[in-house]
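Starting from 1, each residue takes its place in the sequence as its number. Because the structure is a prediction, the values reported are computed rather than measured.
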Amino acid sequence: MSSKVDPTRGRAALTAWAAGADVPASEQIWAVRYSLECLTKLHPGRALEVRVPPAGATQILGGTTHRRGTPPAVVEMNMATWLDLCVGRTDWESASERVDASGQRANLAPYLPLTGYF
């Protein structure tokens, strides 16, 4: 899989978020896209769709293959919640009120934070 995001810029934005910096929305988008690509590389597949509007979405996890329409498992949240999960500022259980998740495999707790990517 080739990167669609400048990894240097994405990693810098995610690192800034992890450090507690005031990251502008335009840079948050880079951090989200970079972290979604990292998640996809770590857990390839198409069984679960992770959506972080307006920045992006990806499909992960082996198993059921999704091609069109609504996937069997979907997780959606805002950028701040996603970035907090990615850097370990919050955990899955604490973020659950800010996350829309449906489907059997719609639990990202085993896959986050993205240690080593920021």
Side-chain angles (χ1 to χ4, degrees):
M1 178 174 122
S2 64
S3 180
K4 297 177 186 170
V5 173
D6 175 354
T8 302
R9 187 171 181 184
R11 184 184 201 78
L14 189 60
T15 300
W17 185 271
D22 184 21
V23 179
S26 60
E27 290 302 305
Q28 288 178 35
I29 288 174
W30 283 98
V32 170
R33 290 178 180 168
Y34 167 75
S35 58
L36 287 172
E37 283 194 3
C38 293
L39 184 69
T40 303
K41 289 176 186 176
L42 288 168
H43 307 287
R46 293 170 52 153
L48 172 64
E49 187 163 293
V50 180
R51 299 174 181 168
V52 186
T58 192
Q59 292 180 355
I60 62 169
L61 304 180
T64 305
T65 299
H66 166 68
R67 297 187 193 283
R68 293 178 45 194
T70 302
V74 176
V75 173
E76 185 170 333
M77 68 198 81
N78 65 36
M79 292 193 304
T81 301
W82 171 254
L83 293 173
D84 283 349
L85 285 164
C86 286
V87 301
R89 189 178 293 163
T90 191
D91 63 21
W92 184 252
E93 186 177 328
S94 300
S96 64
E97 293 179 6
R98 297 174 284 154
V99 174
D100 290 324
S102 64
Q104 285 184 318
R105 300 180 75 187
N107 179 347
L108 296 177
Y111 315 111
L112 298 171
L114 293 173
T115 306
Y117 287 88
F118 56 94

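- Taken from CD in Glu76 to OG1 in Thr81, the straight-line distance is 11.5 Å, to the nearest 0.5 Å.
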Solution key, residues 85-93 side-chain donor-acceptor pairs under 3.5 Å, sequence neighbours excluded:
residue: Arg89; atom: NH1; partner: Asp84; partner atom: OD1; Å: 3.1
residue: Arg89; atom: NH2; partner: Trp17; partner atom: O; Å: 2.2
residue: Asp91; atom: OD1; partner: Glu93; partner atom: N; Å: 3.4
residue: Asp91; atom: OD1; partner: Ser94; partner atom: N; Å: 2.7
residue: Asp91; atom: OD1; partner: Ser94; partner atom: OG; Å: 2.7
residue: Trp92; atom: NE1; partner: Asn107; partner atom: OD1; Å: 3.2

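- Between Lys4 and Arg33 the shortest side-chain heavy-atom distance does not fall below 4.5 Å.
- In this structure, the separation between CG on Leu39 and CH2 on Trp82 is 4.5 Å, given to the nearest 0.5 Å.
- Closest approach of Leu36 to Ala57, counting heavy atoms only: CD1-N, 3.8 Å.
- Contact annotation: the side chain of Pro54 approaches that of Met79 to within less than 4.5 Å [non-hydrogen atoms, C-beta and beyond].
- Closest heavy-atom contact between Ala47 and Gly62: CB-O, 3.7 Å.
- Cluster membership for Leu108 and Val74, using ILVMFWY side-chain heavy atoms within less than 4.5 angstrom, is not shared.
- Under the side chain to side chain donor-acceptor pair (under 3.5 Å) criterion, Glu27 pairs with Arg9, not counting sequence neighbours.
- Checking side-chain atoms of Gln28 against main-chain N and O of Val23 turns up a donor-acceptor pair under 3.5 Å.
- Contact of the Phe118 side chain with the Tyr34 side chain is not registered, since no non-hydrogen atoms from C-beta on lie closer than 4.5 Å.
- Shown are Thr40, Val75, Leu42; of these, the side chain to side chain contact (heavy atoms under 4.5 Å, CB included) with Ile60 is made only by Thr40.
- Here Gln59 contributes atom CD and His43 contributes atom NE2; the two are 15.5 Å apart, rounded to the nearest 0.5 Å.
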